[in-house]
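In what follows, a structure is listed as structure tokens, so that the remarks can point back to it.
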Amino acid sequence: MDNLSATEVRGLRVTRGGREVLSGIDAQIRAGRITGLLGPSGSGKSTLIRAIVGVQRISAGSVTVLGHPAGAAVLRTQVGYAGQTAAVYPDLSVAENLRYFAAVRGDDPAEVQRVIDLVGLGGREKQLASRLSGGQLSRVSLAVALLGRSRLIVLDEPTVGLDPVLRAELWELFHRLAGQGVSLLVSSHAMDEAERCDELMLLREGRLLFHDTLARLLERTGEPDAERGFISLVGNMEVAA
Amino acid sequence: MSGARTWATARRVLQQLGHDRRTVALLVLFPSVLMVLLRYVLDQPERFDRTGPALIGIFPFTIMFLVTSVVTLRERRDGTLERLMTMPLGRLDFLLGYALAFGLTALLQVGVVVLVTVAGLGLEVGGSVGLLVLVAALDALLGTALGLFTSAFARSEFQAVQFMPLVVMPQVFLCGLFVPREAMTPVLEAVSNVFPLSYAVEAVAAIAAGTDQNLVRDLGIVAAAALLALGLGAVTLRRKTA
């Protein structure tokens with residue numbers, strides 16, 4: 001594995017409840033870039049993400065993150081993760097949530113205010129998470145993933161349900177982080193987010209259809225946007241099959 | 001395992017309770033309300049002296065079992081446990097953090113119930129009242145440990161609550177509250193010998209009666225059962241799930 005890859009996935013297979021959710025994924029996620037993991041709901045995005053952060057039991061293959069097997073103890077302060085649901089405590093305030101996760105990670109307590117400000121929740125520190133709107137709640141969850149300047153940040157649908165202005169602000173933040181050398185893997189089922197990513201991974205029914213830049217996708221398919229490019233890829237595969 | 005992370009977890013659980021005043025009020029006051037009710041149902045001080053001590057052991061055990069099962073189930077369901085498992089939190093940090101937070105809560109709960117029962121309702125306690133509080137808090141810890149363990153087998157809060165009749169009620173029936181354990185048929189007595197609550201109740205009863213017969217042995221068994229349940233709980237906490 002070269003120094004440029006933040007994550008290397010080899011022959012990854014995952015079976016859940018007797019059904020194969022991931023059917024042999026090979027991919028390299030490059031360091032210091034934003035990789036968009038796109039695909040319809042049910043395509044296996046969350047399972048792949050869970051495998052990368054080391055909480056998914058896998059049936060074959062390997063996942064190497066920053067040079068270590070996924071889930072290795074050394075990675076636990078280097079990988080930031082926000083799952084699909086806002087995994088925070090509804091009965092704690094914004095600041096209490098972050099203080100707890102920062103303490104568990106062993107981060108500097110000053111991190112708490114830094115990440116609250118990063119996600120634009122300054123002024124809401126004392127509000128209970130259960131009293132926040134859905135979008136605010138998912139930003140608390142995102143803030144937890146940003147704690148402690150992780151080298152790899154993995155976000156499962158972080159922009160769902162956010163208004164367009166906020167969405168744009170978050171993407172700006174992701175680009176700023178990538179500019180500082182952080183690698184990001186961001187999943188979305190909204191194809192229009194493809195243009196905001198440095199690289200794309202298109203996932204469908206547990207298989208990786210495409211992994212390259214948006215420009216290459218459009219070039220290869222001759223389509224004007226990611227959505228139509230995706231449809232065209234699926235069409236070609238079905239013809240081939 | 002790390003003391004700082006265990007304490008951070010305990011503090012977090014206590015903060016959650018702190019935001020939920022109604023739960024705190026129910027936890028701290030309700031066993032005492034039940035004791036008052038029982039005192040007037042039994043009507044005679046002698047009968048209350050016989051039953052009251054056992055219940056000082058049973059109430060905190062039952063309540064902490066329920067509270068813990070539901071709370072840890074919520075951690076599994078809401079994804080917070082999964083998130084913690086991607087962080088440097090040891091499984092024992094998590095479990096001991098809960099045990100510490102609920103142990104402290106139980107101390108408060110038991111303190112109030114003992115105060116009300118002894119000072120208010122005139123329960124005769126032959127032994128040390130302070131020791132009675134400590135032992136009842138240990139019973140609560142046993143409930144917490146069992147709750148942590150059994151919640152791993154529940155897929156919903158509905159199921160978790162159903163473990164109460166499954167895990168707690170048989171122990172209550174066989175602990176000597178209704179019929180002295182020696183008077184049970186040999187099979188039932190043998191079963192009651194296996195249940196940790198039997199020893200928890202025996203210890204509380206011994207202190208109330210002012211004897212310290214078997215006290216050390218009983219406390220040892222309760223503590224060992226709590227540790228065993230915590231250990232089993234640690235086994236059910238997995239970093240990788242299907």
Side-chain angles (χ1 to χ4, degrees), chain A residues 14-18 21 46-47 49-59 65 70-93 95-107 126 128-131 141 144-145 147-148 150 154 156, chain B residues 1-27 67 70-98 100-102 105 155 157 236-242:
Chain A
V14 173
T15 310
R16 296 178 82 176
V21 185
S46 296
T47 306
I49 279 181
R50 282 169 37 86
I52 290 170
V53 298
V55 294
Q56 176 65 54
R57 211 178 289 152
I58 65 179
S59 38
V65 177
V74 285
L75 293 174
R76 287 180 197 145
T77 51
Q78 296 187 30
V79 178
Y81 166 56
Q84 210 166 15
T85 56
V88 297
Y89 298 98
D91 45 0
L92 287 184
S93 73
E96 284 167 344
N97 265 297
L98 286 156
R99 272 204 291 272
Y100 174 55
F101 288 113
V104 166
R105 291 177 45 101
D107 291 329
K126 291 193 171 149
L128 280 186
S130 59
R131 299 274 166 83
S141 186
V144 177
L147 278 169
S150 298
V154 182
D156 199 355
Chain B
M1 221 191 97
S2 120
R5 296 191 167 95
T6 302
W7 173 240
T9 303
R11 195 185 54 187
R12 184 264 294 174
V13 174
L14 290 172
Q15 277 172 346
Q16 287 179 286
L17 278 177
H19 285 295
D20 188 353
R21 301 277 162 79
R22 194 176 300 176
T23 296
V24 172
L26 284 170
L27 276 176
V67 171
V70 171
V71 174
T72 42
L73 187 81
R74 250 171 39 179
E75 291 251 16
R76 288 173 200 271
R77 195 197 51 199
D78 295 351
T80 45
L81 180 62
E82 177 180 283
R83 171 167 249 169
L84 289 171
M85 291 290 108
T86 68
M87 294 183 175
L89 184 76
R91 297 185 290 182
L92 275 180
D93 295 332
F94 179 82
L95 292 169
L96 293 178
Y98 264 102
L100 188 60
F102 284 143
T105 311
R155 300 213 179 273
E157 282 170 355
T236 65
L237 283 182
R238 305 232 174 237
R239 284 200 191 264
K240 288 187 203 278
T241 53

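In the text below, chain A, chain B and the rest are named by the order of the sequence lines, each starting its count at 1.
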So, is the end of the Arg83(B) side chain (NZ or CZ) under 6.0 Å from the ring centre of Phe101(A) and within 45° of the ring's axis?
yes
If you tally heavy-atom pairs under 4.5 Å against chain B, which of Val14(A), Val21(A), Thr47(A), Val144(A) wins?
Val144(A)
Interatomic distance, Tyr100(A) atom OH to Leu84(B) atom CG [nearest 0.5 angstrom]
4.5 Å
Closest heavy-atom pair and its distance - His19(B), Ser93(A)
NE2-N, 4.2 Å
Part of Ala73(A) within contact of chain B (heavy atom distance under 4.5 Å)
neither
Would you mind checking which part of Ser141(A) comes under 4.5 Å of any heavy atom in chain B, side chain (CB onward), backbone (N, CA, C, O), both or neither?
both
For Ala129(A), is it the side chain, the backbone, both or neither that has a heavy atom under 4.5 Å from a heavy atom of chain B?
neither
Highest number of heavy-atom pairs under 4.5 Å with chain A among Leu81(B), Thr86(B), Asp78(B) belongs to Thr86(B)
Which bit of Ile58(A) is near chain B, if near means a heavy-atom gap under 4.5 Å: side chain, backbone, both or neither?
neither
Of all heavy-atom pairs between Val104(A) and Pro88(B), which one has the smallest distance, and what is that distance?
O-CG, 3.5 Å
In terms of heavy-atom proximity below 4.5 Å to chain B, should Arg105(A) be classed as side chain, backbone, both, or neither?
both
Output for pair (Leu92(A) CG, Gln16(B) CD), nearest 0.5 Å, gives 4.5 Å
Ion pair Asp91(A)/Arg12(B), N-O distance below 4.0 Å
no
Do Arg238(B) and Arg57(A) have side chains that get closer than 4.5 Å, going by heavy atoms?
yes
Which atoms of Ala242(B) approach chain A - backbone, side chain, both or neither, heavy atom under 4.5 Å
both
Can you name the residues that form a side chain to side chain donor-acceptor pair (under 3.5 Å) with Tyr81(A), not counting sequence neighbours?
Glu82(B)
Measuring heavy-atom distances to chain A, does Thr9(B) have an atom under 4.5 Å in its side chain, in its backbone, in both, or in neither?
both
Side-chain donor-acceptor contact under 3.5 Å, Glu75(B) with Tyr89(A):
yes
At a heavy-atom separation under 4.5 Å, does Ala51(A) approach chain B through its side chain, its backbone, both, or neither?
neither
